[in-house]
Structures are given as C-alpha cells and as structure tokens.
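First comes the structure, then the notes that go with it.
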Amino acid sequence: MSSISTANLLPTPPQEDAWIVTYQKLLPHWQSVSRSRQRSTIPISISRVNQFDAARLDIEMSAMLKEQLVKVFSVIKPGMLFQYEPELDAFLEFLIWRFSIWVDKPTPGIGLMNLRYRDERAMEIRGKVRTGLEGPGLTVAQKIWYCIATVGGQYIWARLQSFSAFRRWGDSEQRPLARRAWGLIQRIEGLYRIASFGNLLIFLYTGSYRNLIERALRARLVYGSPNMNRAVSFEYMNRQLVWNEFSEMLLLLLPLLNSPTIKNLLHPFSKDKSSGSSEDVSSCPICQASPTIPYLALPCQHSYCYYCLRTRCAAAPSFRCSRCSEPVVAMQRQGGMTESKTNTQ
C-alpha cells in the first residue's frame, strides 16, 4: 500500500517531443526580440566641449598658416597680400580640406579631439550597430558640397561684402538697384545669423551638428576611437585662459593708472632716504649727466639741465621733481632770475 502511494507522488516524465513543442512556442517571440535589437540604435553622446574645441583648433591652425605665409611675402613687398586676403583664406581652407576631409582623414582640430565625420544617412539605413561609433565616412558628394560651402561660400560672401562696402551700396545717393541689393545682403545675413543661433540651441540640447553645413549634409562628429582620451590637457587650457584674462585686465587698467601717483604711493615703502643721499646731487636726475646749463626746480631747489627740465614741464604741466616728487611750479637758473612754467612753454 505504501509503495503504491509513493508511485503516485512521483512526477511523470515529460514526453520525448515536449522540448520541440516548447521551442516552437517560444520561437516567434525570440525572433521578434532579436529583430527589435537589430533595428534599434545605441544612443551615443559626443562631448560638446570636444566639438567646440575642434572648431577652435582648426581656426587657430588656419591663422598660424596664414601668419607664416604673410611673413614670407612681407619680405618681398609689405602689405602685398592685404588686398588678396579673401583669396588667401580660401586657399588655406582648401589646402586643409584637400589633405584631410577629401582623403577620409579628420582636420587637425578634429583629429586632436579624437573625432571624425560620419554619414548619418548611412547609419539610418544600416541600423545594426555594436558600439554606436561605427559607420562610414562622408561620401564623395558630401565632401564636394562641404568644400563648396566652407571654402567657396565663405569666399564669395567675403568678396561680396567688401565689394558692396567699397561701392557704398548702402548710401542714399546710390541707385535704387544698388540699395535693394544692399538691403537683400543685410536680410540674408540676418536670416543666416538667426538660423545659426537656432542651430546652436539645438546643438547644445542634442549634441549633434555644430553648424548649418553639417546639419544640411548630415555629417555628424563621432569619436574616432572609444578608448582614446583628450589630446589637449585641461592644465594647458586653464593656463591659457588665466593668462588671456590677466592680459585683458592689464590692458583695461593700465591706461587708467597715473605713473606719478603710483610713485607717490610706493615712495613711503621704498628704501630709507639715507640711501638717496649717496646719489650724486650735482648731476641731472633725467639724463644723469652734469648740467651744461644748470637750472633749479622750484621750490625744491634740485638741479637739472635746462633742456631736460623745460621739455618735461612743457610735456606735463603737473610735472614733479624726479628726486623728491615735489610739484615743480617754476624754474630758476642758478644765480639768475626765476621763470614760471607758463613762460617756459
């Protein structure tokens, strides 16, 4: 009786074709999951700072090449390339495009930031990705249109603006056709700036397409290698930013400072006055030579050369003595009559 109850409690073995039935039931679900994974793309985020740095480095590289080229021609004839500046800029931009983008290589700035151009249209067709950084480079048509827009477009626009400004199309005395052309140029420039600002806002939100040319061509910047760090260190960039801000602050403050006032403020903190007594009081404090026509600065009675003292008083009405920083109100020849500063001028 106990053996019969034990046999009833044991589970019955599955049928031989049970796994086949289960596989056929799960196969459609598995196929749908695999298709959804193949169709889905991996979202990637490219650093916006890297993309802006790449554009800035390209501008600096072009400026360096232009500076060297201008120096070469300045020896032959100074200022010869000034009237051909748009052509020179277009030539340098074409050289950078020819030896970088045309041969499927990044520009110098893009290469330093570990970036490259990718055709986003091909990625939408392919769909299947592994890391999100795969994808072909730009097509021949995209490269040509990129050159036309960046090199030819900028050159034509620069020449058109310089020509219209030279001909004074915006003056009221010009013909109606010239004024209309000038107004059209201004409207096009305004629309372009508005579109660029809108593209900048979209770029800051999505991180794709820095400018309108890249957005029109669907040329997106992606990382060239997923394991490569930034080529430009933050330490160098911080030093450069600090130095630029410090130099701009000095350029702003230096014209506002008065050197005699600074000398008067620092005079109490200078060395003891006994050290000044060791100086040769018989020499002129301006030219450091023995005065040929000695004159005295009043009221401090220090000796100067006549021409040194007169030129300083004429140049600066509030001239102070170089030895004691006293205001000079008049000058007197040693053993002679007193001359006021107004008479010396």
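Quick note: residue numbers are just sequence positions, from 1. Note that the structure is predicted; figures quoted are calculated from it, not measured.
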Path from Val151 to Ile148 over hydrophobic side-chain contacts below 4.5 Å: yes

Shared hydrophobic cluster, Ile202 / Leu200 (ILVMFWY, side-chain heavy atoms < 4.5 Å): no

Name of the residue among Trp145, Tyr117, Trp102 meeting ring pair (Phe, Tyr, Trp, His ring centres under 6.0 Å) with Trp97: Trp102

Nearest heavy atoms of Val329 and Pro299, plus distance in Å: CG2-CD, 4.1 Å

Any Leu298 side-chain heavy atom under 4.5 Å of Met331 side chain: no

Glu189 side chain reached by Gln161 side chain, heavy atoms, under 4.5 Å: yes

Centroid separation Tyr295 to Tyr304 less than 6.0 Å: no

Between CG on residue Asp89 and NZ on residue Lys66, distance to nearest 0.5 Å: 4.0 Å

Between OG1 on residue Thr107 and CG on residue Asp58, distance to nearest 0.5 Å: 3.5 Å

Closest heavy-atom pair and its distance - Tyr223, Ser45: CE1-O, 3.9 Å

Close side-chain approach of Glu87 to Tyr84, heavy-atom, < 4.5 Å: yes

Tyr155: hydrophobic cluster co-members (side-chain, 4.5 Å): Ile156

CZ (Arg159) with more than 12 external heavy atoms under 6.0 Å: yes

Same apolar cluster: Tyr306 and Val328, side chain cutoff 4.5 Å: yes

Heavy-atom side-chain contact between Ser196 and Asn211 under 4.5 Å: no

Reported CD1-to-CE distance for the pair Ile46 and Met113, which is rounded to 0.5 angstrom: 13.5 Å

Nearest heavy-atom neighbours spanning Leu217 and Arg121: O-NE, 4.5 Å

Note, Arg116 side chain near Leu221 side chain (heavy atom, < 4.5 Å): no

Cationic N near anionic O, under 4.0 Å, Arg220 to Asp119: no

Smallest separation among heavy atoms of Thr311 and Cys308, with atom names: OG1-O, 3.0 Å

Donor-acceptor under 3.5 Å (Glu214 side chain, Arg210 main chain): yes

Connected via hydrophobic side-chain network under 4.5 Å: Val103 and Ile110: yes

Within 6.0 Å of CZ in Arg312, more than 12 heavy atoms from elsewhere: no

Within-4.5 Å side-chain heavy-atom neighbours: Gln142 and Thr139: yes

Enclosure of Trp157 CH2 (heavy-atom neighbours >12, cutoff 6.0 Å): yes

Smallest separation among heavy atoms of Thr206 and Arg48, with atom names: C-NH2, 3.4 Å

Within-4.5 Å side-chain heavy-atom neighbours: His302 and Pro285: no

Gap between atom CG of Leu69 and atom CG of Leu88 - 0.5 Å precision: 5.0 Å

Check: Cys324 and Cys300 side chains under 4.5 Å, non-hydrogen atoms: yes

Heavy-atom closest contact (Pro108 atom, Ile96 atom, distance): CD-CG2, 4.1 Å

Rounded distance [0.5 Å steps], OG in Ser208 versus CD in Glu120: 7.0 Å

Atom pair CD1 (Ile144) and CD1 (Ile101), whose distance is rounded to the nearest 0.5 Å: 13.0 Å

Of all pairs that satisfy ring-ring contact (aromatic ring centres under 6.0 Å, His included), the ones with a partner from residues 184-212, not counting sequence neighbours: Phe52-Phe203

ILVMFWY cluster, Ile188 and Leu177 together (side-chain gap under 4.5 Å): no

Ile185 vs Ser164, side-chain contact (heavy atoms from CB on, under 4.5 Å): CA-CA, chis, key distance, verdict: CA-CA 9 Å; Ile185 292 174; Ser164 60; 4.2 Å; yes

